[in-house]
2 protein chains.
Amino acid sequence: MTDSHSEKHQPPHLDDFLCFALYKAHHAMNRFYKPLLGELGLTYPQYLVLVALWEQDDQSVGQLGELLHLESNTLTPLLKRLEGAGLVRRRRAANDERQVQVSLMPEGRELKQKSWDVAACLFETIGMSREDIGTLVEDLNGVTGAVVAGRGR
Amino acid sequence: MTDSHSEKHQPPHLDDFLCFALYKAHHAMNRFYKPLLGELGLTYPQYLVLVALWEQDDQSVGQLGELLHLESNTLTPLLKRLEGAGLVRRRRAANDERQVQVSLMPEGRELKQKSWDVAACLFETIGMSREDIGTLVEDLNGVTGAVVAGRGR
DNA sequence: TGCGATTAAATCGTGTGCGATTAAATTTCT
DNA sequence: AGAAATTTAATCGCACACGATTTAATCGCA
């Protein structure tokens, strides 16, 4: 790490922190989604897992983890709950018994339609143009990429 | 929720979701901070509480909750851990026994210096100019504000 | 004054997240 | 082929996060 910070040692203001802005925005998103997803019987991470499966069915726990940046210690119980709710099926892969393949059950596939309303509701509430949202998403992904890449140092 | 979304019903791609970009960025931030804050014996939310107290000492649980968007059910055990670590003191307010005032202990005040390095390390890793970070923070706060305001509907 | 309403924390139960470890299957390398 | 290394999930423990409820103190109003 360089010393680019050592010139300016004034105590940081909470609202200036990028990390805090992210923290708040993430929480706001969570609180927004919770009641809407609650009607579907889903939590927010469960919803993300389903979005990933709607896009590409029959993924292994590891594949889902890579997509969502989660590990098996988080995914396993979450997936068991989705399985318990009858939304997905967990089966060990035939060719490699170490892997567990997660695939959609009919009931899980049906939620796809209903969830559109949730995403649309958020889009409306934010009131940003698709372009601005796209730009913001790119900026965020840039930060995410830089932070993830910088972790190993 | 209105039906203004019903025109465009193409299945959303996971990476297009603003909520998912936030989710990832927040997690990346968490994973980045965790080992650094771990050296100080802090978790990320504990760090945020201390930042809030460094800025303004002797706040009530409710005040901290408003700043951090957290409720007493989250803050109380967190604050008890900070108290157990000798970083803060919790005392019922003299004029209103319902409130609990949280104030910094010397050891908690000292961490302020050390934490500068953590924030600086993140700043470096991200590699964005202060202006760009400021813009991003504003955009995020705009989204947060819109989402929070839209929740009551 | 006193009693109901309000407010502020704390408590409880469920569901993530994650570091560390474990268990089982597969691959690698002699 | 067979032991060691690697890979993949699962398990365990701890710390948030939050809806719902509880408890205690204060306020408001007749």
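Not measured: the values here are computed from a predicted model. All chains are named by letter (A, B, ...) in the order of the sequence lines, taking the proteins before the strands, and each is independently numbered beginning at 1.
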For A/Q63 and A/S60, indicate whether the former's side chain and the latter's backbone hold a donor-acceptor pair under 3.5 Å. yes

Give a yes or no on whether the backbone of A/L104 and the side-chain of A/D57 come within a donor-acceptor separation of less than 3.5 Å. yes

Which part of the nucleic acid, if any, lies within contact of [X], taking any heavy atom under 4.0 Å across all strands shown: a base, the sugar-phosphate backbone alone, or nothing?
X: A/L70; answer: sugar-phosphate
X: A/L75; answer: nothing
X: A/N73; answer: base
X: B/H26; answer: nothing
X: B/E71; answer: nothing

I want to check one thing: is the phosphate of [N], taken as OP1 and OP2, less than 4.0 Å away from some side-chain N or O of [X]?
X: A/R90; N: D/dA10; answer: yes
X: A/T76; N: D/dA10; answer: yes
X: A/S72; N: D/dA9; answer: no
X: B/Y44; N: C/dG17; answer: no
X: A/S60; N: D/dA9; answer: yes
X: B/T43; N: D/dC16; answer: yes
X: A/K80; N: D/dT11; answer: yes
X: B/Q99; N: C/dT7; answer: no
X: B/R81; N: D/dA15; answer: yes
X: A/R31; N: D/dG19; answer: no

Rounded to the nearest Å, what distance is computed from the [atom1] atom of residue [X] to the [atom2] atom of nucleotide [N]?
X: B/N30; N: D/dC16; atom1: CG; atom2: P; value: 11 Å
X: B/L22; N: D/dA17; atom1: CG; atom2: P; value: 15 Å
X: A/Y23; N: D/dC16; atom1: OH; atom2: P; value: 9 Å
X: B/E66; N: C/dT7; atom1: CD; atom2: C1'; value: 14 Å
X: A/M29; N: D/dA17; atom1: CE; atom2: P; value: 16 Å
X: A/L79; N: C/dT16; atom1: CG; atom2: C1'; value: 12 Å
X: A/L78; N: D/dA9; atom1: CG; atom2: C1'; value: 14 Å
X: A/F32; N: D/dC18; atom1: CZ; atom2: C1'; value: 17 Å

Which nucleotide wins on minimum distance to the side chain of B/K34, given the candidates C/dA10, C/dG19, D/dT26? C/dG19

G-U wobble or Watson-Crick pairing nucleotide for D/dA30 (cut-off 3.5 Å, both distances): C/dT1

Searching all strands shown, indicate the nucleotide that pairs with C/dT16 (Watson-Crick or G-U wobble; both distances under 3.5 Å). D/dA15

Walking DNA chain C from its 5' end, the first of B/Q101 and A/D96 to be reached, judged by nearest nucleotide, is B/Q101

By nearest heavy atom, map A/Q46 and A/A94 onto DNA chain C; which one lands nearer the 5' end? A/Q46

Option among A/R91, A/R90, A/R89 that satisfies the salt bridge (Lys or Arg N to Asp or Glu O under 4.0 Å) test with A/E83: A/R90

NZ on B/K114 to CG on B/L36, rounded to 0.5 Å: 14.0 Å

Hey, what do you get for CG (A/L70) to CG (A/L48), rounding to the nearest 0.5 Å? 8.5 Å

Give the C-alpha distance, both sets of side-chain angles, the deciding distance and a yes or no for side-chain contact (heavy atoms from CB on, under 4.5 Å) between B/L122 and A/V147. CA-CA 8 Å; B/L122 174 66; A/V147 170; 4.0 Å; yes

Assuming nearest nucleotide by heavy-atom distance, tell me which of A/H27 and A/R98 is located more 5' along DNA chain D. A/R98

Heavy-atom check, side chain of B/H26 versus side chain of A/Y23, under 4.5 Å: yes

